[in-house]
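Following: one structure in structure tokens, then a few remarks.
Convention: sequence-line order gives letters A, B, ...; per-chain numbering from 1. Owing to the predicted nature of the structure, the values given are computational and were not obtained by experimental measurement. Because only heavy atoms are used, hydrogens play no part in the values below, and waters and symmetry mates are left out as well, while side chains stay in.
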2 protein chains.
Amino acid sequence: MRKIMKKIKVHIADDHQILIDGIIAVLSTEKNIEVVGYSLNGEDVLNWFASNEADVLILDINMPKVDGIVVLQNFFEHSFQQKVIVLSSYDDTKLIKEVLKIGASGFLAKKCAGENIVEAINTVYEGHQYFSKSIQQKLMETFTKQLSQKESSLHDSAFFSSITARETEILRLIAQQYNSKEISEILHISVNTVETHRKNLIRKLGVKNVVGLAIYAVKNNLV
Amino acid sequence: MRKIMKKIKVHIADDHQILIDGIIAVLSTEKNIEVVGYSLNGEDVLNWFASNEADVLILDINMPKVDGIVVLQNFFEHSFQQKVIVLSSYDDTKLIKEVLKIGASGFLAKKCAGENIVEAINTVYEGHQYFSKSIQQKLMETFTKQLSQKESSLHDSAFFSSITARETEILRLIAQQYNSKEISEILHISVNTVETHRKNLIRKLGVKNVVGLAIYAVKNNLV
DNA sequence: TTATTTCTAACGGTTTTCAGTGATGTAATA
DNA sequence: TATTACATCACTGAAAACCGTTAGAAATAA
């Protein structure tokens with residue numbers, strides 16, 4: 001019994017013909033991948049891609065006429081079901097985040113090996129995400145930085161060194177939009193006491209007013 | 001001229017001797033890696049590792065007596081400069097985040113290939129992070145999920161449907177701890193106007209007071 | 001034991017917030 | 001043209017926040 005394999009149809013958009021030819025050459029050796037079209041500028045991509053039945057779009061982000069980002073946005077505004085792999089000369093973290101937000105499934109640095117394109121196409125076609133190695137590394141680093149920042153902000157010197165448990169309790173309630181009177185009722189203490197704690201918090205945290213307290217609370221995951 | 005290569009010294013901690021032997025076997029073929037010791041339980045790791053000069057600790061997270069997490073915490077509390085690669089049977093996202101927070105440099109699923117261990121050791125020794133493939137995938141997914149959530153919060157119905165540009169401007173200033181009078185001076189408008197905008201914001205966003213506004217602003221990345 | 005911190009509470013006074021209501025000019029839109 | 005949305009401004013009064021300072025009781029650390 002022979003398994004009939006459906007070919008993955010690929011459209012390529014890049015302003016450098018030579019690069020397109022290169023990619024086509026690489027993909028031509030792959031039995032389950034077929035290049036069904038290409039565009040040399042952003043303007044062209046949407047029309048082209050909408051009319052053919054490509055499954056995957058390989059999109060260069062730096063293109064004349066219409067920027068790749070704009071193409072991406074248009075693309076997902078029309079909620080096409082196809083997958084997009086973004087191609088870029090630089091592995092700029094901001095850019096990567098941007099395109100991921102918009103909805104790209106993969107991100108390839110141009111310096112990566114040809115085999116990665118094949119891998120990327122297969123991966124996104126199966127519904128997963130693909131990132132070339134250097135980009136993975138970068139993203140992972142910002143990711144773990146995020147984690148450690150969260151952690152370190154919790155271990156914020158001000159937070160653990162001088163804010164008492166009671167103050168934290170009150171800070172939490174302030175950030176829940178309770179005013180002093182309400183907090184005094186919740187904690188069964190005098191309004192004056194709440195106000196004192198509040199004043200101490202403002203002083204200790206070096207903020208100006210309740211707004212500062214609220215923001216501090218949010219940034220330290222107290223809400 | 002021959003380059004003299006310093007061997008990377010590795011310590012392994014796992015309660016399964018057979019796994020340790022396996023790793024040692026894999027690493028024995030590597031010229032630049034040397035296994036200098038191993039521990040069969042968590043309790044043992046810290047003493048052992050502190051006294052020898054290993055560069056990299058390969059640490060199983062599921063161990064008897066002292067849990068791997070506890071070992072990790074102790075480890076970084078004593079601020080050892082060495083790198084830690086965490087080994088685990090499951091690629092549980094929560095667990096990964098946990099160990100990354102604490103300070104691990106790498107995470108390997110036990111199902112991964114032997115060569116990955118070599119790659120991991122070299123990578124973390126050079127100061128980078130290493131994650132086995134399945135884990136990368138998982139982390140990337142939660143990462144992009146985060147991004148999309150951030151995005152969706154920006155596209156919060158309330159935010160884009162009813163808040164005007166001027167109101168946003170004022171909201172931003174409120175979140176910067178300016179009071180109405182100060183905002184009126186910054187924007188060269190009457191205090192009454194600022195107050196009106198403020199009231200409208202409170203109404204439109206369904207919050208109780210400035211604190212609610214501030215929190216809304218932070219959560220929508222306006223500060 | 002002594003010293004310090006923390007929680008509690010209070011007083012007096014000023015400033016700000018907040019709710020409600022109403023009004024005007026302008027610009028876009030139906 | 002009429003309507004709507006927006007930004008602007010005003011007045012009132014009650015409530016809340018803010019500022020400075022003081023001070024006792026209890027728990028905790030030196």
Side-chain angles (χ1 to χ4, degrees), chain A residues 154-223, chain B residues 77 154-220 222-223:
Chain A
L154 268 175
H155 286 224
D156 191 316
S157 57
F159 190 71
F160 274 103
S161 64
S162 62
I163 306 298
T164 68
R166 194 57 157 177
E167 286 165 346
T168 307
E169 202 174 0
I170 283 165
L171 180 54
R172 217 184 279 271
L173 291 167
I174 289 173
Q176 280 162 43
Q177 302 184 53
Y178 294 114
N179 62 34
S180 297
K181 198 188 163 199
E182 290 165 335
I183 294 174
S184 77
E185 280 156 10
I186 292 168
L187 298 180
H188 305 291
I189 55 178
S190 149
V191 184
N192 299 306
T193 307
V194 177
E195 296 267 309
T196 301
H197 284 309
R198 189 198 198 92
K199 274 178 278 186
N200 289 334
L201 279 166
I202 289 176
R203 185 176 41 77
K204 284 183 180 177
L205 299 178
V207 297
K208 207 186 148 194
N209 51 30
V210 251
V211 170
L213 291 181
I215 288 169
Y216 184 91
V218 174
K219 292 200 170 166
N220 286 278
N221 296 318
L222 266 78
V223 272
Chain B
E77 268 167 26
L154 267 177
H155 286 219
D156 191 315
S157 57
F159 190 71
F160 275 102
S161 63
S162 61
I163 305 299
T164 68
R166 194 57 157 176
E167 284 166 348
T168 306
E169 201 175 0
I170 282 163
L171 180 55
R172 217 185 280 270
L173 290 167
I174 289 173
Q176 278 163 45
Q177 303 185 50
Y178 294 113
N179 64 33
S180 297
K181 199 188 163 201
E182 289 164 335
I183 293 174
S184 77
E185 279 156 11
I186 291 168
L187 299 180
H188 306 292
I189 53 177
S190 148
V191 183
N192 297 307
T193 307
V194 178
E195 294 268 305
T196 302
H197 285 309
R198 190 200 197 86
K199 275 177 277 187
N200 289 334
L201 279 166
I202 289 176
R203 183 176 42 78
K204 283 183 180 177
L205 299 179
V207 297
K208 209 185 147 194
N209 50 30
V210 251
V211 170
L213 291 181
I215 288 169
Y216 183 90
V218 174
K219 291 200 171 164
N220 285 279
L222 266 80
V223 273

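With rounding to whole Å, A:Ile170 atom CD1 is found 13 Å from D:dA17 atom P. Put simply, CD on B:Gln177 is 16 Å from P on D:dA17, counting in whole angstrom units. Note: NZ (B:Lys204) to P (C:dC18) measures 17 Å, nearest angstrom. Note: CD (B:Glu167) to C1' (D:dA5) measures 11 Å, nearest angstrom. Atom CG in B:Asn209 sits about 13 Å away from atom C1' in C:dA19, given to the nearest Å. Atom-to-atom, CZ of A:Arg203 to P of C:dT5 comes out at 12 Å; the value is rounded to the nearest Å. Here the C1' atom of nucleotide D:dA27 and the CZ atom of A:Arg166 are 14 Å apart, to the nearest Å.
The structure places CD of B:Glu195 at 9.0 Å from CD1 of B:Ile183, a figure rounded to the nearest 0.5 Å. The CD atom of B:Gln176 sits 8.5 Å away from the CD1 atom of A:Ile215 when rounded to the nearest 0.5 Å.
Listed by chain and residue number, B:Leu173, B:Tyr178 satisfy the side chain to side chain contact (heavy atoms under 4.5 Å, CB included) test with B:Ile186 (two or more places apart in sequence, or in another chain). Residues satisfying the side chain to side chain donor-acceptor pair (under 3.5 Å) test with A:Arg172, not counting sequence neighbours, are none. For the side chain to side chain contact (heavy atoms under 4.5 Å, CB included) test, residues two or more places apart in sequence or in another chain that qualify with B:Ser184 are B:Val191, B:Val194. By the side chain to side chain donor-acceptor pair (under 3.5 Å) test, B:Glu182 is found to be paired with A:Lys208, residues two or more places apart in sequence or in another chain being considered. Residues satisfying the side chain to side chain contact (heavy atoms under 4.5 Å, CB included) test with A:Ile202, not counting sequence neighbours, are A:Val207, A:Leu213. Among residues two or more places apart in sequence or in another chain, the salt bridge (charged side-chain N to carboxylate O under 4.0 Å, His left out) test is passed with A:Glu169 by A:Arg166. For the side chain to side chain contact (heavy atoms under 4.5 Å, CB included) test, residues two or more places apart in sequence or in another chain that qualify with B:Asn200 are B:Glu167, B:Thr196, B:Arg203.
For the pair B:Arg198 and B:Ser180, the tightest heavy-atom approach, listed with the atom from each and the gap, is NH1-OG, 2.9 Å. Heavy-atom minimum distance, A:Ala214 versus B:Val211: CB-CG1, 3.6 Å.
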A:His197 vs A:Leu171, test: side-chain contact (heavy atoms from CB on, under 4.5 Å). Steps then yes/no. CA-CA 9 Å; A:His197 284 309; A:Leu171 180 54; over 6 Å; no
Would you check, one step at a time, whether the test side-chain contact (heavy atoms from CB on, under 4.5 Å) holds for B:Leu187 with B:Ile170? CA-CA 9 Å; B:Leu187 299 180; B:Ile170 282 163; 3.7 Å; yes
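A heavy-atom distance below 4.0 Å to DNA chain C is reached by these residues of residues 178-188 of chain B, ordered by number: B:Asn179, B:Ser180. Contact check of residues 190-202 of chain B against DNA chain D (heavy atom, cut-off under 4.0 Å) returns B:Ser190, B:Asn192, B:Thr193, B:Thr196, B:His197.
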Nucleotide N/O of nucleotides 26-30 of chain C paired with protein N/O under 3.5 Å:
none

Polar pairs (N or O, both sides) under 3.5 Å between protein and nucleotides 24-26 of chain D?
none

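Overall bending of the helix from C:dT1-D:dA30 to C:dA30-D:dT1, expressed as the angle between end axes built from five pairs apiece, is 60° (10° steps).
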